[in-house]
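Numbers restart at 1 for each chain; the letters A, B, ... are given by sequence-line order, proteins then strands.
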Protein chains: 2
Amino acid sequence: MPDTQGGESLLFLTDEQLRQGIEAMFFAYRGFTADPDRILATMAYGRAHHRAIHFIARRPGTTVNNLLGILGVTKQSLNRVLRTLVEDGLVDSRVGTSDKRERHLYLTEDGAALERKLSDAQRARMRAAYRTAGPEAVAGFRKVLEAMMDPDLRRKYYAIREEDS
Amino acid sequence: MPDTQGGESLLFLTDEQLRQGIEAMFFAYRGFTADPDRILATMAYGRAHHRAIHFIARRPGTTVNNLLGILGVTKQSLNRVLRTLVEDGLVDSRVGTSDKRERHLYLTEDGAALERKLSDAQRARMRAAYRTAGPEAVAGFRKVLEAMMDPDLRRKYYAIREEDS
DNA sequence: ACAATACGTCAGCTTTGTTGACATTCCAAG
DNA sequence: CTTGGAATGTCAACAAAGCTGACGTATTGT
């Protein structure tokens with residue numbers, strides 16, 4: 001593989017370097033979604049279901065509105081996904097206690113089982129990539145990704161992690 | 001790796017760390033496509049057109065079959081996209097000289113102009129992210145992305161870069 | 001009392017992917 | 001020279017997942 005590492009900042013930001021980064025993102029994202037996609041293809045679910053399940057698992061009790069903000073889709077689009085998940089008994093939608101307009105979302109046992117299955121597959125690839133690349137590379141990886149996000153989404157990305165406190 | 005890295009590596013690959021990497025990919029990819037998407041939304045084109053245009057620009061004269069392998073879609077799906085691009089005079093499809101079954105794809109002037117517009121927008125974000133993160137981070141970024149690709153796609157990713165020789 | 005919010009839903013449309021079937025053209029092997 | 005297979009194009013039908021717009025219903029806050 002040709003090492004096009006310029007090293008110096010000037011060479012570093014050539015269009016060719018940037019183009020390679022763009023293509024790397026494109027090809028890597030395909031790998032990133034490949035394993036869950038394979039699992040989902042055997043059921044009546046798609047990538048949209050996976051995303052919903054992921055963030056419900058991450059933040060149990062999250063509201064529909066909050067999920068909308070994270071996923072960046074319309075409520076109609078999310079609703080279609082959520083409806084099938086609730087119907088199929090993977091997600092539990094509970095009316096809010098303090099504000100009864102809100103619906104709080106939780107995974108059922110079945111939902112959690114599917115989440116684990118999908119998550120395991122995706123994490124396995126991530127783990128392998130991390131191992132191959134090494135800790136320093138991972139730190140850089142994260143740094144560039146965070147810098148690439150829209151500010152609005154970056155805030156949400158941090159918020160999800162901070163809610164643990 | 002020395003022992004000092006051993007303990008770190010264990011912590012390092014916790015599910016939580018991996019989960020954060022997964023979410024970073026998700027949010028960053030949104031940013032990655034945001035700018036071209038905004039431009040494309042003003043025309044009758046979508047992300048699929050962008051991808052085709054990108055790789056035709058990258059490898060002028062590439063065949064349909066080659067493009068299929070890179071993009072990973074069916075020929076019917078790609079054909080629909082290519083047809084509109086040819087009709088609109090952005091792409092030129094020329095019958096192969098050595099093998100007349102093949103079609104070699106080129107951007108017209110208009111096609112190249114659109115490609116530049118899309119590419120500029122996407123590279124601007126990439127450049128900003130690279131600057132923010134720094135050269136070392138970028139090296140790590142690329143390393144992890146490459147490790148994340150399917151072997152098949154990784155070969156294609158390298159192949160596209162090597163064809164310059 | 002009234003406006004705003006959160007959610008759900010109906011209807012219709014777009015993009016982009018999929019299968020399957022079939023025609024054409026052409027290269028290459030028998 | 002014929003024929004099989006490869007590369008391409010195209011038709012049809014369909015699905016996933018996004019979108020807009022409109023409307024209804026609780027519920028909440030002013």
Q. When all nucleic acid strands are considered with a 4.0 Å heavy-atom cut-off, which category describes Ser98(A): base, sugar-phosphate, or nothing?
A. sugar-phosphate
(Q) Using a 4.0 Å heavy-atom cut-off, does His104(A) contact any base of the nucleic acid, only the sugar-phosphate backbone, or nothing at all? (A) nothing
Q.
So, does His49(B) get its side chain near the phosphate of dT16(C), meaning an N or O under 4.0 Å from OP1 or OP2?
A. yes
Q) Under the 3.5 angstrom rule, does the side chain of Arg94(A) hit a backbone N or O of His104(A) as a donor-acceptor pair? A) no
Q. Taking atom P of dT8(D) as reference, at what distance in whole Å does atom CG of Leu105(B) sit?
A. 9 Å
Q) Is Lys75(B) side chain donor-acceptor paired with the dT8(D) base, going by distance under 3.5 Å alone? A) yes
**Q.** Position toward the 5' end of DNA chain C (nearest nucleotide), Glu102(A) or Val95(B)
**A.** Glu102(A)
Q) Can you tell which of His50(A), Lys117(A), Gln122(A) makes a side chain to side chain contact (heavy atoms under 4.5 Å, CB included) with Ile39(A)? A) Lys117(A)
Q: Indicate whether OP1 or OP2 belonging to dA6(D) is found under 4.0 Å from a side-chain N or O atom of Asn65(B).
A: no
Q: Answer whether the closest heavy-atom distance between the side chains of Leu107(A) and Asp92(A) falls below 4.5 Å.
A: no
Q: Applying side-chain hydrogen bond (donor to acceptor under 3.5 Å, both in side chains), run through Tyr130(A) and Gln17(B) and close with a yes or a no.
A: CA-CA 10 Å; Tyr130(A) 275 20; Gln17(B) 284 286 335; over 6 Å; no
Q.
Let's test your reading of the model: under 3.5 Å, does the base of dA26(D) pair with the side chain of Arg101(A) as donor and acceptor?
A. no
Q | Val64(A) side chain, from C-beta outward: closest of dC7(C), dG9(D), dT18(C) | A | dC7(C)
Q: Find the distance Leu78(B):CG to dG17(C):P and express it as a whole number of Å.
A: 9 Å
Q: Mind calculating the distance between CG (Leu67(B)) and P (dA7(D)) to the nearest angstrom?
A: 15 Å
**Q.** For atom NZ of Lys100(B) and atom P of dG9(D), their distance in whole Å
**A.** 16 Å
Q: Please report the shortest heavy-atom distance between Thr42(B) and Arg38(B), naming the atom on each side.
A: CG2-O, 3.6 Å
Q | Spacing of Leu82(B) atom CG relative to dG9(D) atom C1', expressed in whole Å | A | 11 Å
Q) Over how many whole Å does the gap from Arg94(B) atom CZ to dT25(C) atom P extend? A) 22 Å
Q) Taking for each residue the nucleotide of DNA chain D bearing the nearest heavy atom, is the 5' side occupied by Asp99(B) or by Arg80(A)? A) Asp99(B)
Q: Take the protein atom CG of Leu71(A) and the nucleotide atom P of dG18(D), then report the distance between them rounded to whole Å.
A: 8 Å
**Q.** Selection from dT8(D), dT10(D), dT16(C) that lies nearest to any side-chain heavy atom of Arg83(B)
**A.** dT10(D)
Q: Check whether any side-chain N or O of Arg103(B) sits under 3.5 Å from a backbone N or O of Thr63(B) as a donor-acceptor pair, and report yes or no.
A: no
Q) Can you check whether Thr74(B) has a side-chain N or O nearer than 4.0 Å to OP1 or OP2 of dG17(C)? A) no
Q) Mind checking whether Phe26(B) and Phe55(A) have parallel, tilted or perpendicular rings, split at 30° and 60°? A) tilted
Q. Of the non-hydrogen atoms in Ala133(B) and Val144(A), which two are nearest, and what is the gap between them?
A. CB-CG2, 3.6 Å
Q.
Any donor-acceptor pair, under 3.5 Å, between the side chain of Gln76(B) and the base of dG20(C), if you only look at N and O atoms?
A. yes
Q.
Output the rounded distance in Å from CG (Leu68(B)) to P (dG17(C)).
A. 11 Å
Q.
Under 4.0 Å, heavy atom to any atom of DNA chain D: which of residues 34-48 of chain A qualify?
A. Gly46(A), Arg47(A), Ala48(A)
Q: Identify, between Gly96(A) and Val73(A), the residue whose nearest nucleotide on DNA chain D lies closer to the 5' end.
A: Val73(A)
**Q.** Phosphate OP1/OP2 of dT5(C): any Arg103(A) side-chain N/O under 4.0 Å
**A.** no
